[in-house]
Amino acid sequence: MRFFYGLFFAAIVFSGSAPALAKGVTESELREHIAVLASDEYEGRKPGTEGEAKTVKYIAEQWAKAGLKPAATDGSWFDPVPLMQRGRGNATFVFNAKGRKLRIVSDEIVLIGKNAEYIKNDLPVVFAGIGVTSNGSVEADVKGKLALVLFEADTAPEKFKSPRARREALIAAGAEAVLFIGDSQGNWPTLRRQLLSRPISLESREKRATLEGAISSEFAVALVTAAGLDWDKLRAHAKDADYAGEPLGVDADFAVSTDIYRFNSSNVIGKISGRKKGSGALLFMGHWDHLGICAPEDAPDRICNGAVDNASGIAVLTEVAQRLSKNRHDRDIYFLATTAEESGLLGAYAFADKPVIPLEQIVISLNIDMIAVAGRGAKVAIIGRGTTPLDPLVEGIAKKAGRVIETSTDANDFIQRQDGWALAQKGVPALMVGGAFADLDLMQKFLGSDYHGPGDELTDKTDLGGAAEDADLHIALGRYFADARKYKSAKAGE
Ligand SMILES: [Zn+2]
C-alpha cells in the first residue's frame with residue numbers, strides 16, 4: 001500500500017509544480033523512539049531512578065541529533081528539579097479520651113511528618129466531617145489542632161471533591177495535623193497504600209500540615225465511642241451543608257519520625273535560536289517521566305512502561321524539533337521535556353517558577369501528552385479552548401492541514417491534568433492540540449484499560465497514525481507561530 005502511494009506521489013500528483021514538500025513524520029520514526037523509551041531497560045522512567053538517567057540522556061542525544069542546542073539555565077541540557085519523597089518511619093502515639101488511653105496497632109494508622117522528627121503532646125482532636133461546608137469554607141475550629149476528616153465526600157462541592165483540595169483548605173485554616181478516615185470496605189487499603197508509596201513532591205510548592213496521614217474507620221469508631229459520642233450520628237451530621245465540626249474531647253501525643261529522601265531530577269531543555277531578537281518565543285513541551293516499577297512483586301509484569309503516556313509525546317517532540325530546526329525562524333523555539341508530571345506536574349511547576357526565558361515572552365506553549373491514542377483522520381481538539389485568543393488561528397492551520405475541528409469544549413475536562421496547566425496559571429497561552437482528546441470515547445477506553453498500568457506498552461497493534469498526523473500539525477503550528485510577520489503577538493510587544 002505504502003509503496004504504491006509512493007509511486008503515485010512521485011509520478012503524478014506533485015510532478016514539477018509543487019514546492020519541495022517536506023516529508024511528513026512517519027509512524028516508524030515515532031515507533032523507534034517509543035521502542036527505546038518504553039523498553040523494560042528504561043524501567044518505566046520514574047524520576048530519581050536508573051531509568052531517569054537513561055531517559056534524559058536519550059532525549060539530550062536525540063535532540064542534539066535533531067539540531068537543537070542545549071538551553072538549560074547553566075547552558076547544559078538539564079535543569080535540576082529538586083524533589084523529595086517521604087516514607088514512614090517509627091511512630092509512637094497515644095490518644096487520650098476521658099482518662100482512657102487508646103493505642104492502635106500500626107496497621108490501622110499511617111503517620112507522615114513534614115519534617116524528620118515530630119514530637120507533640122496534648123494535641124486536641126476535632127472531627128471535621130468532610131472538611132468543608134457546601135460553600136467550600138472550613139467552619140470547624142481546626143487551628144493548631146488535629147483534624148479528622150472523612151475521606152469519602154459525596155456531599156462536597158465540586159471543587160472540594162478531591163481529598164487534596166480539602167486537605168489544603170484545612171491547612172489554610174491552620175490545622176496542625178490532618179488525618180483522613182478511610183472506609184475499611186472501600187478506600188482504606190488504597191489510601192494506606194498511597195501514603196506508604198513514598199509519593200514524590202516538589203518542596204518549594206508544597207502545602208503540607210506538620211503531620212498528615214490516615215486512620216481506618218474501625219479506629220475512628222473506637223476513638224469516637226471512647227469519647228462518649230455516637231459515630232453514626234457524627235457521620236450523619238457531617239453531611240449537613242454548614243457542618244462546623246465537633247471537638248471530640250480527645251487529645252493526642254505523638255512522636256513520629258519520617259524518612260526524608262531528597263534528590264535532583266531533570267527537566268531537559270533545548271532550543272532553536274530565532275533570528276529576530278525580542279520577538280518572543282514558542283514552547284513545545286511534554287513529560288518524559290512515568291510510573292516506574294508499579295505492580296506488586298508477584299505480578300507477571302511489574303513495569304509501567306508508559307508507551308502512550310508519554311513516550312509517544314517525547315517521540316513527537318523529537319521529530320517536530322528535527323523538522324523545525326531545518327529552517328531559520330523569527331522567534332526562538334524551546335523544547336522542554338519535563339519530569340514528575342505523574343506526581344502532579346512538578347517539573348512543569350519548577351519550570352514555571354524558574355523559567356529559562358521570561359514567561360511573558362512565550363507567545364504560545366503546546367503540550368504533547370498521550371498523543372498516540374486515536375488513528376489517522378481524527379478530529380482536532382484543543383485542550384484550553386476558549387482560554388486564549390488563539391483558537392481561530394490554530395483551527396485555521398489545522399484546516400489547512402486537512403483536519404476537521406472538534407468544536408466542543410469537552411476536552412477541557414483534562415485541562416488541569418496536563419503540564420500546560422502549570423504555565424496557564426501564570427498567564428502563558430498554553431494549549432494542547434490534536435486528535436487524541438477529540439475522540440473521548442476512545443480516550444476513555446484507554447483510560448479505563450492500559451492507562452497507568454503495565455499494559456501501556458508498545459506492541460504491533462499500537463496505532464501511531466494519529467500521533468504522526470498530529471506531529472505534522474505541530475510542525476505547521478510551529479512554523480506559523482514562529483513567524484513574526486504571520487503571527488504578530490501583543491505579548492512580544494509588536
Ligand atoms: Zn500519566
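Note that the structure is predicted; figures quoted are calculated from it, not measured.
With no hydrogens or angles considered, a side-chain donor-acceptor pair links Tyr58 and His33 at under 3.5 Å. Using a 3.5 Å distance cut-off with no hydrogens or angles, the side chains of Glu52 and Ser265 do pair a donor with an acceptor. One side chain, Glu206 or Ser201, offers a donor N or O that lies under 3.5 Å from an acceptor on the other. No side-chain donor-acceptor contact under 3.5 Å links Asn305 and Asp456. There is a side-chain donor-acceptor pair under 3.5 Å between Thr338 and Asp419.
In this structure, the side chain of Gln418 engages the main chain of Gly420 through a donor-acceptor pair within 3.5 Å. Panel note: side chain Thr26, backbone Glu29; a donor-acceptor pair is recorded below 3.5 Å. No donor-acceptor distance shorter than 3.5 angstrom exists from the side chain of Asp259 to the backbone of Gly87, with no hydrogens or angles considered. Side-chain atoms of Ser325 come within 3.5 Å of backbone atoms of Ala66 as a donor-acceptor pair (strictly under, hydrogens ignored). Between the side chain of Arg88 and the main chain of Val110, no donor-acceptor pair closer than 3.5 Å is present. For Asn310 (side chain) and Met370 (main-chain N/O), a donor-acceptor pair under 3.5 Å exists by modelled atom type. At least one donor-acceptor pair closer than 3.5 Å links the side chain of Thr49 to the backbone N or O of Gly51. Under a 3.5 Å cut-off, the side chain of Arg385 and the backbone N or O of Glu406 do form a donor-acceptor pair. Distance alone, capped at 3.5 Å, places no donor-acceptor pair between the Glu319 side chain and the Ala471 backbone. Looking at Arg45, its side chain does come within 3.5 Å of a backbone N or O of Gly306 through a donor-acceptor pair.
Asp483 has no carboxylate O lying under 4.0 Å from a charged side-chain N of Arg331, or vice versa, which leaves the two without a salt bridge. Comment: Glu152 does not engage Lys161 in a salt bridge, judged by the lack of any side-chain N to carboxylate O separation of less than 4.0 angstrom. Classification of Arg403 and Asp470 as a salt-bridged pair holds, one side-chain N sitting under 4.0 Å from a carboxylate O. Classification of Glu203 and Arg262 as a salt-bridged pair holds, one side-chain N sitting under 4.0 Å from a carboxylate O. Under the 4.0 Å criterion applied to side-chain N and carboxylate O atoms, Lys54 and Glu50 are not assigned as salt-bridge partners. Note on Lys65 versus Glu61: no salt bridge recorded, every NZ/NE/NH1/NH2 to OD/OE distance being 4.0 Å or above.
When the shell of 6.0 Å around CZ of Arg205 is examined, it contains more than 12 heavy atoms from other residues, nucleotides or ligands. Counting non-hydrogen atoms of neighbouring residues, nucleotides and ligands closer than 6.0 angstrom, the CG atom of Asn90 reaches no more than 12 such neighbours.
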Item to complete: Please step through side chain to side chain contact (heavy atoms under 4.5 Å, CB included) for the pair Met432 and Phe414, ending with a clear verdict.
Response: CA-CA 10 Å; Met432 228 174 106; Phe414 292 90; over 6 Å; no
Worksheet item: Step by step, would you call Asp353 with Lys426 a salt bridge (charged side-chain N to carboxylate O under 4.0 Å, His left out)?
Response: CA-CA 9 Å; Asp353 288 341; Lys426 293 208 167 188; 3.0 Å; yes
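If you take CD1 on Ile303 and CG on Leu291, they are separated by 12.5 Å, rounding to the nearest 0.5 Å. Atom CG of Leu170 and atom NZ of Lys207 lie 13.5 Å apart (nearest 0.5 Å).
Side-chain contact between Val433 and Leu473 is present, with at least one heavy-atom pair separated by less than 4.5 Å. Side-chain contact check for Phe335 versus Leu324: some heavy-atom pair is nearer than 4.5 Å. Side-chain contact check for Arg86 versus Arg208: some heavy-atom pair is nearer than 4.5 Å. Side-chain contact between Glu212 and Lys114 is absent, with no heavy-atom pair separated by less than 4.5 Å. Two residues are said to be in side-chain contact when any heavy atoms from C-beta on lie closer than 4.5 Å; Ile59 and Thr318 fail this criterion. Side-chain contact between Val149 and Arg166 is present, with heavy atoms from C-beta onward closer than 4.5 Å.
Just one of Leu83, Leu346, Thr55 meets the side-chain contact (heavy atoms from CB on, under 4.5 Å) condition when paired with Pro47; it is Leu83.
Applying the side-chain hydrogen bond (donor to acceptor under 3.5 Å, both in side chains) test to every pair with at least one member in residues 280-289, sequence neighbours left out, gives these pairs: His287-Asp289, His287-Asp309, His287-Glu341, His287-Asp369.
Smallest separation of non-hydrogen atoms from Ala422 and Leu345: N-CD1, 4.4 Å.
Ring-centre distance between Tyr349 and Phe351: not below the 6.0 Å cut-off. Residues Phe284 and Tyr334 keep their aromatic ring centres 6.0 Å or farther apart.
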